[in-house]
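These notes concern the structure reproduced below.
Position 1 is the first residue of the sequence, and the numbers go up from there. These numbers come from a predicted model, not from an experiment.
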Amino acid sequence: MYCVGDIVIYGTQGICKVDAIGPLPMSFADKKRQYYTLRPYYSPEMVIYAPVDNQTIVMRSPLTREQAEDLIAQIPSIETAWIVNEKEREVQYRQALHTCNCRELVKIIKTLYNRKAARAQRGKRGTAVDERYFRMAEEQLYGELAYVLGMEKSAMPEYIARCIHEEA
C-alpha cells in the first residue's frame with residue numbers, strides 16, 4: 001500500500017502524487033471502501049480516485065534514476081513490434097499502454113516512428129491511429145523519465161537521442 005505523499009505511476013495517467021487515502025468524499029460512496037486520491041503530476045488540477053484494492057489498473061512506483069538511465073541505454077537494442085493487421089496492432093498498442101511497462105512503451109514509439117518514416121518515403125502520411133498511440137506512449141514514457149531524471153518532459157526526446165548517440 002502506498003502512503004500520502006508517495007509518487008506513483010497510475011495507468012495511462014502516468015506520474016501521480018498520492019494526496020489522500022480513505023473513503024470517497026461523496027455522499028453516495030461506500031464509506032467502507034478505501035481510495036487513493038491521486039493528482040497527476042503534469043495536470044495537478046485533475047483528481048483521480050483509485051480504489052486501494054484495484055486489480056485492473058496498474059499502479060506502481062516510478063523507475064529509479066539508475067533504471068531510467070539503463071532503459072535509455074538499452075533503447076537501441078529494444079526491438080520493434082511490427083504487426084501487419086491494423087486492428088490487431090491497435091489492440092497490442094492499447095495493451096502495451098495499460099501495462100505501464102517502459103520497455104513496451106519504447107517498442108511502440110520505435111515501431112511507430114519507423115512506420116511513419118517508411119510511409120513518408122512512399123509519399124504517404126501517418127495514420128491517425130498511429131499518431132494517437134505514438135503521442136500517448138511518448139506522454140507516458142517521457143513523463144516518467146523526465147520526473148525521475150529531474151528534467152522537463154519536452155527535453156526528453158533530445159536527451160534520449162543525445163544519450164543514444166554518445167553510447168554508439
For [X], does the [atom1] atom sit with more than 12 other heavy atoms under 6.0 Å from it, leaving out its own atoms?
| X | atom1 | result |
| --- | --- | --- |
| E152 | CD | no |
| E45 | CD | yes |
| K31 | NZ | yes |

Exercise. Starting from the C-alpha separation in whole Å, work towards a yes-or-no answer on side chain to side chain contact (heavy atoms under 4.5 Å, CB included) for I21 and V52.
Key: CA-CA 8 Å; I21 302 170; V52 169; 4.1 Å; yes
Heavy-atom closest contact ([X] atom, [Y] atom, distance):
| X | Y | result |
| --- | --- | --- |
| V4 | A20 | CG2-CA, 3.8 Å |
| I75 | K110 | O-NZ, 2.9 Å |
| P62 | I9 | CA-CG1, 3.9 Å |
| P40 | C16 | CA-SG, 3.7 Å |

Linked, directly or transitively: [X] and [Y] (ILVMFWY side chains, under 4.5 Å):
| X | Y | answer |
| --- | --- | --- |
| V106 | I72 | yes |
| L105 | V58 | no |
| L149 | I160 | yes |
| I7 | Y42 | yes |
| L24 | V47 | yes |

Self-check item: Derivation and outcome, ring-ring contact (aromatic ring centres under 6.0 Å, His included), residues F134 and Y113
Solution: CA-CA 8 Å; F134 184 79; Y113 179 84; 7.0 Å; no
Exercise. Show your working on side chain to side chain contact (heavy atoms under 4.5 Å, CB included) between E138 and I109 and close with a plain yes or no.
Key: CA-CA 7 Å; E138 277 190 324; I109 292 167; 4.1 Å; yes
Run the salt-bridge test on [X] and [Y] with the 4.0 Å N-O cut-off and return the result as yes or no.
| X | Y | result |
| --- | --- | --- |
| E90 | K87 | no |
| E131 | R125 | no |
| R135 | E139 | no |
| R115 | D130 | yes |

Using 0.5 Å steps for rounding, measure from the [atom1] atom of [X] to the [atom2] atom of [Y].
| X | Y | atom1 | atom2 | answer |
| --- | --- | --- | --- | --- |
| T99 | R94 | OG1 | CZ | 13.5 Å |
| R89 | T111 | CZ | OG1 | 9.5 Å |
| Q13 | M59 | CD | CE | 12.0 Å |
| Y142 | S154 | OH | OG | 11.5 Å |
| L63 | D70 | CG | CG | 10.0 Å |
| K116 | Q121 | NZ | CD | 14.0 Å |

Exercise. Go through the steps for D53 and Q34 under the test side chain to side chain contact (heavy atoms under 4.5 Å, CB included), then give the verdict.
Key: CA-CA 8 Å; D53 59 355; Q34 298 289 302; over 6 Å; no
If you define the side chain from C-beta out and look only at heavy atoms, does anything of [X] sit under 4.5 Å from [Y]?
| X | Y | value |
| --- | --- | --- |
| H98 | T56 | no |
| V18 | R39 | no |
| L141 | I108 | no |
| M136 | Q140 | no |
| R103 | Q74 | yes |
| T80 | L112 | no |
| P51 | Y36 | no |
| K17 | Y41 | no |

Self-check item: Counterpart residues, side chain to side chain donor-acceptor pair (under 3.5 Å), relative to S77 (two or more places apart)
Solution: none
Quiz item: What is the ring orientation for Y133 with Y93, classed by angle as parallel under 30°, tilted 30 to 60°, or perpendicular over 60°?
Solution: tilted
Exercise. For M26 and Y49, run side chain to side chain contact (heavy atoms under 4.5 Å, CB included): C-alpha distance rounded to whole Å, both residues' side-chain angles, the deciding distance at 0.1 Å, then the answer.
Key: CA-CA 11 Å; M26 291 89 168; Y49 297 106; 3.5 Å; yes
